[in-house]
Enquirer: 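First the structure, then my questions, so here it is.
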Amino acid sequence: MVDNKRKRGRKSKTQAPETLDLQPTTTATATTSSQASEDVTVRRTLRCYSRAKTAEKVPRIEANGGNSAHNLAVDADSAPLWAVDRVVLAMDAVVKVFCVHTEPNFSLPWQRKRQYSSSSSGFVIAGRRVLANAHSVEHYTQVKLKKRGSDTKYVATVLAIGTECDIAMLTVDDDEFWGGMSPVEFGNLPALQDAVTVVGYPIGGDTISVTSGVVSRLEVLSYVHGSIELLGLQIDAAINAGNSGGPAFNDKGSCVGIAFQSLKHDDAENIGYVIPTPVILHFIQDYEKNGGYTGFPILGVEWQKMENPDLRMSMGMKADQKGVRIRRIDPTVPEFKVLKPSDIILSFDGVDIANDGTVPFRHGERIGFSYLVSQKYTGDMVAVKVLRNSEPHKFDIMLGTHRKLIPVHNKGRPPSYYIIAGFVFTTVSVPYLRSEYGKDYGYDAPVKLLVKLLHELPQSPDEQIIVVSQVLVADVNIGYEDIVNTQVYAFNGQPVKNLKSLASMVESCNDEFLKFDLDYQQIVVLQTKTAKAATVDILATHCIPAAMSDDLRS
């Protein structure tokens, strides 16, 4: 057997990394009813959240696109009569979404993977638009919609994809599609124990399906596809593969959410999650306001709870003062210029923050203060009151979107790459790690890359982590064949900031040698003329169309 050198050198899963403080991984699928692929989302400390405690038994949360054959949806005939009677008029607005996906190949960035098909759900809203899940149309090549009771599929146009909130907006140009279609109306945020009915096209049949339940929890929760935390509803209605994008109605027939993921765990049954109306309306209004999706803003800080009385006393807090301590600030966000580490955030936009980072929500309920941040829009000005050296200060801060050093998504863009003398340079992202190391990349990927994924902050807006992903073997690179997924720090003594700057420096280099400083104190030295001349033959041997991706040429 041939030893696969690309996978070697990783630690065994039984050897838990002791110095990383890794959080438990959650298994997620971001596919639809015709594809079942499991994914592991490595969770890091979120900017507006303290790190979650480690759980001994990790549940699996699935974006409802997997092809799970258990917990099949209940047919409309077996749903409670009140649910069918109240929702029947709105069912005609629910459509079936057919998508053909063509994913990039992050391990071979000049190629794409074999296309596959999927199906999910969606529903019509005002303005001749349709809402669905973002993971249902991710890397789409073609999207079609089919109305209830129709045998015709209509080609749809994707208007916007909200990666963070897992919502996509579609439209259809054919007027025939809109005949007899009435848009759904959105209702208010439901209370605990309010009845909900989920409508969609899950696995188990081709016709529309109705499941019913109640709201069992409302809190800020982790969105598997977006890898951020936003307000979400937990319900006990059966949500299954293919339900993704289907509306959840209240007993008045108003839409109160979008089904998007479920919990799969041996000790849990019928736990599904719904994107609530505040998040949906934020997505729609963001699109209408800016002509496209701009994302949810963040307060770019990592914070610490102030529940310990000795800690509060040492920070100069009075008995009636509450808040959270700033640990670190993202250098790329606007608030970096006004806030400082060890500032105590007392209030956000006039709402006092408790020592555990929560704010009042509704009667008898509290919620993480990041909910207040997520209700704002990119570019909004907010008032933040902090305690610094025992003195209160008030700052007006413009909110921006968050950029991670290692991005969670490429947002539809093909991966970047640059090739010289058989060395393939590319940028590190979560899809890249997943492509290289599979769903368990949280265990199998190089430790130093995982540290950067979980803990590092970008020092500039255009900073990227660049690695030699592989070496395409040729005479010019003898002795370097075993270099795999190793970070590049400098070229000819100049720090490497991003892939475009590296490609530019190499292409314009007139020195005798090309010298790359890599991680683990490795160096690669190549003769400049020989390396550039050999590149042409290497590209031809491996049927690679160009030495660099299109985005690096502009």
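Numbers for residues simply follow the sequence, beginning at 1. All heavy atoms count here, side chains included; hydrogens, waters and symmetry mates do not. Please read these numbers as outputs of a predicted model, since none were measured by experiment.
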Enquirer: From S342 OG over to R327 CZ, what is the distance, rounded to the nearest 0.5 angstrom?
Expert: 11.0 Å
Enquirer: With D551, which residues qualify under salt bridge (charged side-chain N to carboxylate O under 4.0 Å, His left out), at least two apart?
Expert: none
Enquirer: Can you label the angle between the H282 ring and the Y377 ring as parallel, tilted or perpendicular, going by 30° and 60°?
Expert: parallel
Enquirer: Check whether any side-chain N or O of N477 sits under 3.5 Å from a backbone N or O of Y480 as a donor-acceptor pair, and report yes or no.
Expert: no
Enquirer: Any side-chain heavy atom of V506 sitting closer than 4.5 Å to one from Y418?
Expert: yes
Enquirer: May I ask you to check whether over 12 heavy atoms, not counting those of R553, lie within 6.0 Å of atom CZ?
Expert: yes
Enquirer: For the pair E507 (side chain) and A503 (backbone), establish whether a donor and an acceptor sit closer than 3.5 Å, ignoring hydrogens and angles.
Expert: no
Enquirer: Does the side chain of V220 reach to within under 4.5 Å of the side chain of L230, using non-hydrogen atoms?
Expert: no
Enquirer: Salt bridge between K411 and E164, side-chain N to carboxylate O under 4.0 Å?
Expert: yes
Enquirer: If you look at every heavy atom in C509 and N492, which pair is closest and at what distance?
Expert: SG-ND2, 3.5 Å
Enquirer: Applying side chain to side chain contact (heavy atoms under 4.5 Å, CB included), run through S227 and H225 and close with a yes or a no.
Expert: CA-CA 6 Å; S227 296; H225 181 69; over 6 Å; no
Enquirer: Do R388 and D343 sit within salt-bridge range, that is, some charged N less than 4.0 Å from a carboxylate O?
Expert: yes
Enquirer: When you compare the side chains of S136 and S244, does any donor N or O come within less than 3.5 Å of an acceptor on the partner?
Expert: no
Enquirer: For a 4.5 angstrom cut-off between non-hydrogen side-chain atoms, does I353 reach L346?
Expert: no
Enquirer: Looking at every heavy atom in both I478 and E481, which two are closest together, and how far apart are they?
Expert: CA-OE2, 3.6 Å
Enquirer: Going by distance alone, is a donor N or O of one side chain under 3.5 Å from an acceptor N or O of the other, for D286 and T294?
Expert: yes
Enquirer: Contact between I544 and H542 at the side-chain level, heavy atoms closer than 4.5 Å - yes or no?
Expert: yes
Enquirer: Any non-hydrogen side-chain atom of M306 less than 4.5 Å from a side-chain atom of I344?
Expert: yes
Enquirer: More than 12 heavy atoms of other residues, nucleotides or ligands under 6.0 Å from OH of Y140: is that the case?
Expert: no
Enquirer: To the nearest 0.5 Å, what is the distance between CD on Q375 and CZ on F296?
Expert: 8.0 Å
Enquirer: Exactly one of S416, S504, P415 should register a side-chain contact (heavy atoms from CB on, under 4.5 Å) with L499. Which one does?
Expert: S416
Enquirer: Measuring from atom OG1 of T141 to atom OH of Y116, what distance do you get when rounded to the nearest 0.5 angstrom?
Expert: 9.5 Å
Enquirer: Taking all heavy atoms of P297 and all of L399, pick out the closest pair and write down the distance.
Expert: CB-CB, 3.8 Å
Enquirer: Test of understanding: with side-chain hydrogen bond (donor to acceptor under 3.5 Å, both in side chains), list the residues that count as partners of D380, not counting sequence neighbours.
Expert: none
Enquirer: Does the side chain of V524 come within less than 4.5 Å of L526's, by heavy atoms?
Expert: yes
Enquirer: Between Y441 and L449, does the side chain to side chain contact (heavy atoms under 4.5 Å, CB included) criterion hold? Intermediate values first, please.
Expert: CA-CA 10 Å; Y441 68 85; L449 293 183; over 6 Å; no
Enquirer: Do the side-chain N and O atoms of R403 and T332 include a donor-acceptor pair separated by under 3.5 angstrom?
Expert: no
Enquirer: Do I466 and T426 come within less than 4.5 Å of each other through their side chains, counting heavy atoms only?
Expert: no
Enquirer: For T486 and I483, indicate whether the former's side chain and the latter's backbone hold a donor-acceptor pair under 3.5 Å.
Expert: no
Enquirer: List for me each residue that meets side-chain hydrogen bond (donor to acceptor under 3.5 Å, both in side chains) alongside K448, sequence neighbours excluded, and say none if there are none.
Expert: D519
Enquirer: L299 vs E335, test: side chain to side chain contact (heavy atoms under 4.5 Å, CB included). Steps then yes/no.
Expert: CA-CA 8 Å; L299 187 64; E335 48 268 35; 3.7 Å; yes
Enquirer: Hey, could you give me the CZ/CG distance between F283 and D166, rounded to the nearest 0.5 Å?
Expert: 10.0 Å
Enquirer: Check the side chains of Y520 and Q487 for a donor-acceptor pair under 3.5 angstrom, ignoring hydrogens and angles.
Expert: no
Enquirer: Verify, without hydrogens or angle tests, whether N105 (side chain) and S107 (backbone) share a donor-acceptor contact under 3.5 angstrom.
Expert: yes
Enquirer: Determine whether a donor-acceptor pair (N or O, by modelled atom type, separation under 3.5 Å) exists between the side chain of E463 and the backbone of P461.
Expert: no
Enquirer: Please check if the side chain of Q261 supplies one atom and the backbone of S222 the other of a donor-acceptor pair under 3.5 Å.
Expert: yes
Enquirer: How close do T528 and D511 get, counting heavy atoms only, and between which atoms?
Expert: OG1-O, 2.6 Å
Enquirer: In this structure, are over 12 heavy atoms from other groups packed under 6.0 Å from D475 atom CG?
Expert: no
Enquirer: Can you pull the salt bridge (charged side-chain N to carboxylate O under 4.0 Å, His left out) pairs that have at least one residue in residues 495-504, sequence neighbours excluded?
Expert: D462-K497
Enquirer: Main chain of L457, side chain of Q459: is a donor-acceptor contact present, judged purely on distance under 3.5 Å?
Expert: yes
Enquirer: Looking at CG of L405 and NZ of K452, how far apart are the two atoms once the value is rounded to the nearest 0.5 Å?
Expert: 8.0 Å
Enquirer: With D349, which residues qualify under salt bridge (charged side-chain N to carboxylate O under 4.0 Å, His left out), at least two apart?
Expert: K376
Enquirer: Are the side chain of D356 and the backbone N or O of K305 linked by a donor-acceptor pair below 3.5 Å?
Expert: no
Enquirer: Would you find a donor on one side and an acceptor on the other, under 3.5 Å apart, between the side chain of R328 and the backbone of E302?
Expert: no
Enquirer: Taking the side chain as everything from C-beta on, heavy atoms only, tell me whether T427 gets closer than 4.5 Å to I465.
Expert: no
Enquirer: Between R217 (side chain only) and L233 (backbone N and O only), is there a donor and an acceptor less than 3.5 Å apart?
Expert: no
Enquirer: More than 12 foreign heavy atoms under 6.0 Å from NZ of K515: is that the case here?
Expert: no
Enquirer: For the rings on Y273 and Y223, is their centre-to-centre separation under 6.0 Å?
Expert: no
Enquirer: Of all residues at least two apart in sequence or in a different chain, which pass the side-chain hydrogen bond (donor to acceptor under 3.5 Å, both in side chains) check with D310?
Expert: none
Enquirer: Just checking, any donor-acceptor pair under 3.5 angstrom between side chains of Y432 and N410?
Expert: no
Enquirer: Ignoring hydrogens, what is the shortest heavy-atom contact between G295 and T378? Give both atom names and the distance.
Expert: O-OG1, 3.6 Å
Enquirer: So how far is it from N133 CG to H135 NE2, rounded to the nearest 0.5 Å?
Expert: 4.5 Å
Enquirer: Less than 6.0 Å separating the ring centroids of F516 and F425?
Expert: yes
Enquirer: Take V382 and F348 through the test side chain to side chain contact (heavy atoms under 4.5 Å, CB included) and record every step on the way to the result.
Expert: CA-CA 7 Å; V382 296; F348 178 88; 3.7 Å; yes
Enquirer: Any idea which heavy atoms bring Y417 and A546 closest together, and the distance?
Expert: OH-O, 3.1 Å
